[in-house]
Amino acid sequence: MNKFLDVTELPGQPVSDEQIQRIHHRYTWAANLSKNHDVLEVACGSGLGLGVLLETARSIRAIDVEESLVELVRKSYGDQVPVEVANAENTGIETASVDTVLIVEAIYYLPNIDRFLDECDRVLRTNGQILIVSANKDLFDFNPSPHVVRYYGVEELGSLLTGRGYEVDFFGYQAIAESPLRQKLLRPVKLMAAKVGLIPKTMKGKLLLRRIVFGKLNILPISISSADYEFRAPESICAEIADTKHKIIYCIARKSKI
């Protein structure tokens, strides 16, 4: 079994409403930025947001390193989404064939981010873009996931991308200040539990913790629709300092127009 199955959200799992909202928001955000684009999603997982992308994109292709997840995407979407087993550093996609590369909650698992960006340079057309969604490592109670190679905050990711000639914009989603009171009160507890290694690392192990933090859970559907929740644009944030106010970081990296 591939190690990433332990950290991948799968249809049929009990999850919080907040988790489903996150999936809806990130893919609606990406879909709004990819209208009439040819889109490649790398590390697509079980394909939860591909249905949202299909609503606006000209075409969608997807890849993942885990064969069982690729088969799940094929079963869910059939011919609508060509999907292959491949990694982000060697996608197998034709040169200059896509307008948008999307990577959601996976950039920190990449063994070599420079090779991934080299691959983006290759497959993107002129004026193409990389859309990145990432957990925010700069929160004081941040709990790292297993299998991570390196987390990138706003400062690190901005420096890396601008150094390669990309124009970047950053946004924050799910402001800590707007979290339910229960979550706010549990933040110090979460921090201490993370420090002593008491927070479960697998999806199965996190189920009880989810019930404590979020209360009632829902079953994760096969595909998310853009109509499931109201969409509110993420907040623009500074690209030069660490963000400590949002749970999720969004980044748009555009290739130079020169």
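Using a distance-only test at 3.5 Å, with no hydrogens or angles considered, no donor-acceptor pair links the side chain of R26 to the main chain of Y250. A distance-only check finds no donor-acceptor pair linking the side chain of D138 to the backbone of T244 [under 3.5 Å]. Judged by distance alone, with hydrogens and angles left aside, the side-chain atoms of Q19 form a donor-acceptor pair with the main-chain N or O of S16 at under 3.5 Å. Checking side-chain atoms of E89 against main-chain N and O of N112 turns up a donor-acceptor pair under 3.5 Å.
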Apply side chain to side chain contact (heavy atoms under 4.5 Å, CB included) to the pair I176 and K245, showing each step before the final yes or no. CA-CA 6 Å; I176 297 297; K245 298 180 179 180; 5.8 Å; no

Go through the steps to decide whether R254 and D169 satisfy the test side chain to side chain contact (heavy atoms under 4.5 Å, CB included), and finish with yes or no. CA-CA 9 Å; R254 298 181 177 88; D169 290 297; 2.9 Å; yes

Give the C-alpha distance, both sets of side-chain angles, the deciding distance and a yes or no for salt bridge (charged side-chain N to carboxylate O under 4.0 Å, His left out) between D141 and K247. CA-CA 10 Å; D141 59 340; K247 296 180 182 180; over 6 Å; no

Working for salt bridge (charged side-chain N to carboxylate O under 4.0 Å, His left out), residues R150 and E156: CA-CA 11 Å; R150 179 184 175 184; E156 297 91 343; 5.1 Å; no

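Inter-residue side-chain proximity for I63 and N87 is flagged as unmet; no heavy-atom pair is nearer than 4.5 Å. Inter-residue side-chain proximity for F170 and L157 is flagged as met; some heavy-atom pair is nearer than 4.5 Å. Residues L110 and V149 form no side-chain contact, since every pair of their non-hydrogen atoms from C-beta on lies 4.5 Å or further apart. The shortest distance between side-chain heavy atoms of L50 and V83 does not fall below 4.5 Å. Proximity of L124 to V98: side-chain heavy atoms (C-beta onward) are separated by under 4.5 Å at one or more points. Looking at H25 and Q174, their side chains never come closer than 4.5 Å, going by heavy atoms from C-beta outward. Contact check for L220 versus L10: no side-chain heavy atoms found under the 4.5 Å cut-off. At least one side-chain heavy atom of L72 sits less than 4.5 Å from a side-chain heavy atom of P11.
By the 6.0 Å contact criterion, CZ on R115 is open, its count of non-hydrogen atoms from other residues, nucleotides or ligands being 12 or less. When the shell of 6.0 Å around CG of L160 is examined, it contains more than 12 heavy atoms from other residues, nucleotides or ligands. Counting heavy-atom neighbours within 6.0 Å of E71 CD, excluding the residue itself, gives a total above 12.
Taking CD1 of I130 as the start and CG of L102 as the end, the distance is 11.0 Å to the nearest 0.5 Å. Atom CD1 in I103 sits 11.0 Å away from atom SG in C44 (nearest 0.5 Å). Between the OG atom in S134 and the CD1 atom in I249 there is a gap of 7.5 Å [rounded to 0.5 Å]. Going from atom CD of E84 over to atom CD of E67 covers 10.5 Å, rounded to the nearest 0.5 Å. Interatomic distance, CD of E235 versus CZ of F171, reported as 11.0 Å (0.5 Å rounding). We find the SG-OH distance between C251 and Y152 to be 13.0 Å, quoted to the nearest 0.5 Å.
Taking each heavy atom of W29 and I132 in turn, the nearest pair found is CH2-O, 4.1 Å. Nearest heavy-atom pair across S34 and L131 is OG-CD1, 3.8 Å. Closest non-hydrogen pair, I60 versus A57, comes out as CD1-CB, 3.5 Å. Closest heavy-atom contact between A30 and L53: CB-CD2, 4.0 Å. A pairwise comparison of heavy atoms in G45 and T8 identifies CA-CG2, 4.3 Å as the closest pair. Closest heavy-atom contact between H37 and L33: CE1-O, 3.5 Å.
One finds no salt bridge joining K255 and D121 here, because no Lys/Arg side-chain nitrogen approaches an Asp/Glu carboxylate oxygen to under 4.0 Å. Using a 4.0 Å cut-off between charged side-chain N and carboxylate O, E55 and K35 make no salt bridge. Between E9 and R22 there is no salt bridge, since no side-chain N of the basic residue sits under 4.0 Å from a carboxylate O of the acidic one.
The hydrophobic clustering, which links ILVMFWY residues whose side-chain heavy atoms are closer than 4.5 Å, places I23 and Y229 together. Connection of V42 to V148 is established within a shared hydrophobic cluster, with ILVMFWY side chains joined at heavy-atom distances below 4.5 Å, either directly or through further cluster members. Under a hydrophobic-cluster definition in which Ile, Leu, Val, Met, Phe, Trp and Tyr are linked whenever side-chain heavy atoms come within less than 4.5 Å, directly or via other members, F142 and V154 are assigned to the same cluster. Linking ILVMFWY residues whenever their side-chain heavy atoms come closer than 4.5 Å, directly or via other members, leaves V104 and I222 in distinct clusters.
In the model, N136 has no side-chain atom that pairs as donor or acceptor with a side-chain atom of Y173 under 3.5 Å. T91 and R61 share no donor-acceptor pair across their side chains, judged by distance under 3.5 Å alone.
A ring-ring contact (aromatic ring centres under 6.0 Å, His included) check over residues 82-136, counting only residues at least two apart or in different chains, returns the pairs F4-Y109, Y108-Y151.
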